Amino acid sequence: MSHSQVEDRKAKLARLRELGVDPYGRRFENVTSLAEARRMGEGYNLEPGQHAEGSSVRVAGRVMLHRPAGKLVFMTLRDGTGDMQIAVSKAAVSETEFAVASKLLNLGDIIGVDGTLGRTKTGELTVWANTVTMLSKALQPPPEKWHGLKDVDLRYRRRYVDLFTNPGVREVFKQRSLIIDAIRRCLVERGFFEVETPVLQPIYGGAAARPFTTHHNALDMKLFLRISPELYLKRLLVGGIERVFEFSRNFRNEGIDTQHNPEFTLLELYQAYGDYNDMMDILEAMVSAAIERIGGGYKRKFGELEIDFAPPWPRRQYADLLFEYAGVRIDDVAAVRKKAESLGLEHVGMDDALVINEVFEATVEPKLIQPTFVLDYPAPICPLTRRKPDDPNIALRFEAFVAGMEVGNAYTELNDPAVQEENFRRQLAGENREETMAVLDEDFLLALQYGMPPAGGLGVGIDRLVMLLTGSTSIRDVILFPLQRPKATSEAGEEGDEVTAEDVEDGP
RNA sequence: GAGGGCGUAGCUCAGUCGGUAGAGCAAAGGCCUUUUAAGCCUUGGGUCCUGGGUUCGAGUCCCAGCGCCCUCACCA
């Protein structure tokens, strides 16, 4: 590379040092946020051209725009709360500071400014600098100031740039944080307490999914990254934690698309002495609390759709919906298989219940746009769920759908250890699909034998819920660092990265 | 896994029929005390994703590969 902007910036960095300026700053105390500085400024009711005499404010942020005009320099600073204009007049600051502000600064640098509040002749609220402090020299140029960073690949790979360049991205993740906080408070208020259960598991379970595997060196044992926290949380029910929840990161070694990321966040909660009816109430309450927290009301846009989250959500029978959308009765196996055939679905040699569910997924789920609870699933596909007392073919399970996506999954939990063991064993003996629960968790069965209270349990796909509430149609837009294939960036040290992670021992 | 699209300067993008690389922003130097994506003058900056092939000549056409996006398939 003969000449790069990075080189230019390094040269400026050297000149800063020559002038005795630390390009990377130090502690900068008592900073007022730009939003707060704006509020203060508004409070003075200034006329255009007027300054608030005696006002004093210290702000800091990244230089997003730079408009030098001779002996006066305007710039737009950005911090976590917004943007604000800074003006540096040559007459008001030291020679070095003016050199910094007018010549040695680049877009993307982080600076601190002490000054007074005022309005420009055109009425823009502005911090007029008395001092300018270099806090961080950016060696890499930021993206173009008008169009920003558009390249989707780069936005994910360099999320840090995406975040300061595209304010809407920050807003989505702020809302994600608020949604999670609202849900957590909602549960804590109801007497639930939060736990953390193992991510590294010798036996995986609680869902049907292919796991990631890893290895522990000292114990020389194979471990799985969890696919679900379910079996551990139920152990806690046995232990007497009667209302328990976990925001759990799970890992499923499966495809990636707009609704699936290999690692994702699943909220699971269990309530002793309850059942799936309680879980419906709680889900509605949590979503309402989240919406209240982020604002914007129950009616929300999602892509082309408008979704009304106002509770109560319709509670529909699985069998009724199947008949309504697929035109087949759930107990008419021949008709269901014929339907599967006409839909081009695989069904030969498959269990009846699986075929029914294939048809359901193909015909009903995409139609469930408005929030809907689907109740009472075919029992064989629900090994962890209690059966309906008067019909052992039906499991007391619901899934909640919005915009055709599954966002919630709940059971009246099965607490009969004998039935549970039988279900597991049937599962093992049945389809030997590699992703089904391939390992019998005997300790879990042992736990049930000590007695688990009857309970309702609920899982909520947090990423998908955040998608729906923030209008993000791709799961990658609500995950800060979605998994990307590594790209050969021709940076030094790319080679040999096979070796590193596995063999390097932990530090302290 | 299948189909489609995209990949050109730091960023956002043009690039005609195959004729030897362009703009804006950004950057460097200069001028400017009221700008709002400031303006004006000057200058520098390219592995046209990678590797082959066709051709006198390839950013452009062909083949293979890589990365990303979309749709489908897969996915309790």
Side-chain angles (χ1 to χ4, degrees), chain A residues 1-9 11-12 48-49 64-76 83-92 98 102-103 106-108 118-126 128 138-158 161 165 206-210 227-228 230 252-262 264 344-346 353-354 357-358 360-362 365 377-378 380-385 395 397 399 405-406 409-411 427 433 435-437 459 461 473-474 476 482 484-490:
Chain A
M1 300 264 150
S2 51
H3 184 79
S4 75
Q5 297 198 31
V6 174
E7 295 308 314
D8 290 336
R9 285 163 182 255
K12 286 193 171 182
M64 301 306 292
L65 299 168
H66 188 226
R67 298 180 287 275
K71 297 184 177 63
L72 182 63
V73 177
F74 292 99
M75 52 189 119
T76 302
D83 294 359
M84 189 171 185
Q85 176 164 275
I86 306 296
V88 183
S89 166
K90 187 171 186 181
F98 190 74
S102 63
K103 295 295 176 192
N106 287 112
L107 293 184
R119 285 193 187 277
T120 61
K121 285 178 185 170
T122 53
E124 179 82 11
L125 206 53
T126 299
W128 292 85
L139 297 181
Q140 295 287 345
E144 204 240 0
K145 63 187 179 186
W146 184 245
H147 297 95
L149 188 63
K150 285 263 178 49
D151 185 294
V152 180
D153 187 29
L154 265 189
R155 283 186 46 223
Y156 297 145
R157 287 182 197 277
R158 301 191 190 160
V161 178
T165 305
R210 263 194 284 177
I227 58 173
S228 154
E230 173 147 357
R252 296 186 182 176
N253 207 339
E254 286 160 2
I256 297 175
D257 60 31
T258 50
Q259 293 177 27
H260 300 262
N261 194 62
F264 65 101
L345 299 171
E346 274 187 61
L354 287 173
N357 204 45
E358 290 279 318
F360 187 89
E361 287 178 1
E365 289 186 6
Y377 275 65
I381 60 171
C382 312
L384 295 157
T385 313
R397 168 191 186 178
E399 290 196 23
M405 282 194 291
E406 177 200 340
N409 182 22
Y411 311 143
Q427 198 87 7
R433 296 194 301 170
E435 55 274 317
T436 47
M437 302 179 199
T473 50
S474 169
R476 312 186 119 212
Q484 302 276 102
R485 260 202 178 83
K487 204 169 185 174
T489 48
S490 81

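Given the structure is predicted, the values throughout are model-derived calculations rather than measurements. Residue numbers begin at 1 in each chain, while the letters A, B, ... track the order of the sequences.
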(request) Could you tell me whether the side chain of K121(A) reaches within less than 4.5 Å of the side chain of P48(A), counting heavy atoms only? (result) no

So OG of S4(A) and CD of Q140(A): to nearest 0.5 Å the spacing works out to 8.0 Å

From the candidates C11(B), U34(B), A28(B), the one with an atom nearest any side-chain atom of D8(A) is A28(B)

- Base C75(B) to side chain H260(A), donor-acceptor N/O within 3.5 Å cut-off: yes

Regarding the side chain of P68(A), the nearest nucleotide among A76(B), C11(B), C32(B) is C32(B)

Side-chain atoms of N106(A) come closest, of C32(B), A27(B), U35(B), to A27(B)

Scanning all shown strands, the Watson-Crick or wobble mate of A28(B) with both distances under 3.5 Å is U42(B)

From NZ of K145(A) across to C1' of C13(B) the rounded distance in Å is 17 Å

In residues 142-149 of chain A, what donor-acceptor pairs under 3.5 Å come from side-chain atoms, sequence neighbours left out?
from    : atom 1 : to      : atom 2 : distance (Å)
E144(A) : OE1    : H147(A) : N      : 2.8
E144(A) : OE1    : H147(A) : ND1    : 2.6

Separation of U35(B) atom P from F74(A) atom CZ, nearest Å, is 7 Å

Practice prompt. Answer yes or no: side-chain N or O of E124(A) and base N or O of U34(B) forming a donor-acceptor pair under 3.5 Å.
Written response: no

Taken in chain and number order and not counting sequence neighbours, the residues that satisfy ring pair (Phe, Tyr, Trp, His ring centres under 6.0 Å) with Y411(A) are none

message: Given the structure, check if the side chain of E144(A) and the base of A26(B) hold any donor-acceptor pair shorter than 3.5 Å.
response: no

Q: Check the pair T120(A) / Q85(A) against side chain to side chain contact (heavy atoms under 4.5 Å, CB included), numbers first and verdict last.
A: CA-CA 10 Å; T120(A) 61; Q85(A) 176 164 275; 3.5 Å; yes

The Watson-Crick or G-U wobble partner of U16(B), with both key distances under 3.5 Å, is none

Under the 3.5 angstrom rule, does the side chain of S474(A) hit a backbone N or O of R476(A) as a donor-acceptor pair? yes

Among U12(B), A76(B), U35(B), the one nearest any side-chain atom of H147(A) is U12(B)

Here the distance between atom P of A76(B) and atom CD of E365(A), to the nearest Å, is 10 Å

Whole-Å distance, L149(A) CG to U12(B) C1', equals 10 Å

Among the nucleotides A27(B), U35(B), C75(B), whichever has the atom closest to the side chain of E358(A) is C75(B)

Rounded to whole angstrom, note down the C1' distance from C69(B) over to G45(B). 29 Å

Here the distance between atom C1' of A9(B) and atom CD of Q5(A), to the nearest Å, is 9 Å

Considering only heavy side-chain atoms of S89(A), the closest of U34(B), U33(B), A76(B) is U33(B)

Here the pair of heavy atoms bringing L345(A) nearest to A362(A) is CD1-CB, 4.1 Å

K103(A) NZ to C32(B) C1', in whole Å, measures 10 Å

From the candidates A76(B), U35(B), C11(B), the one with an atom nearest any side-chain atom of P143(A) is C11(B)

To the nearest angstrom, the CG-C1' distance between N357(A) and C74(B) comes to 15 Å

Review point. How far, in whole Å, is A9(B) from U47(B) if one measures between their P atoms?
Key: 8 Å

Margin query: Can you check the distance between G44(B) and C25(B), where both ends of the measurement are the C1' atom (answer in whole Å)?
Written below: 16 Å

As its Watson-Crick or G-U partner within any shown strand, both distances under 3.5 Å, A37(B) has none

Closest to the side chain of L65(A), out of A37(B), A76(B), A28(B), is A37(B)

#### Entry: Nearest-angstrom distance, P atom, C61(B) to G67(B)
23 Å

Applying the 3.5 Å cut-off to both distances, the Watson-Crick or G-U partner of A64(B) turns out to be U50(B)

Under a 3.5 Å limit on both distances, the Watson-Crick or wobble mate of A21(B) is none

Dump the pairs, protein N or O against N or O of nucleotides 68-72 of chain B, anything under 3.5 Å, distances to one decimal.
from   : atom 1 : to      : atom 2 : distance (Å)
C68(B) : OP1    : R485(A) : N      : 2.9
C69(B) : OP1    : R476(A) : NH1    : 2.3

For C70(B) and U55(B), measure between their P atoms and round to the nearest Å. 40 Å

- Task: Determine the contact category for K150(A): base if any of its heavy atoms lies under 4.0 Å from a base atom, sugar-phosphate if only primed atoms, P, OP1 or OP2 are that close, otherwise nothing.
- Result: sugar-phosphate

5'-most contact on RNA chain B (nearest-nucleotide basis), Q85(A) vs I381(A), goes to Q85(A)

Determine whether a donor-acceptor pair (N or O, by modelled atom type, separation under 3.5 Å) exists between the side chain of R252(A) and the backbone of I227(A).
yes

Q) Taking atom C1' in both A28(B) and A64(B), what distance in whole Å separates the two? A) 42 Å

Pairing partner of A2(B), by Watson-Crick or G-U wobble and under 3.5 Å for both distances, is U71(B)

Quote, to the nearest angstrom, the P distance that separates G53(B) from G10(B).
28 Å

Check every strand shown and say whether R397(A) touches a base, only sugar-phosphate, or nothing at a heavy-atom separation below 4.0 Å. sugar-phosphate

Item to complete: Scan G148(A) against the nucleic acid and name what it touches under 4.0 Å (heavy atoms): base, sugar-phosphate only, or nothing.
Response: sugar-phosphate

Can a salt bridge be assigned to the pair D8(A) and K12(A) using a cut-off of 4.0 Å between side-chain N and carboxylate O?
no

In whole angstrom, give me the gap between the C1' atoms of A38(B) and G46(B).
-> 29 Å

Separation of A76(B) atom C1' from M405(A) atom CE, nearest Å, is 17 Å

Q) Can R9(A) and E7(A) be counted as an ion pair, charged N to O under 4.0 angstrom? A) no

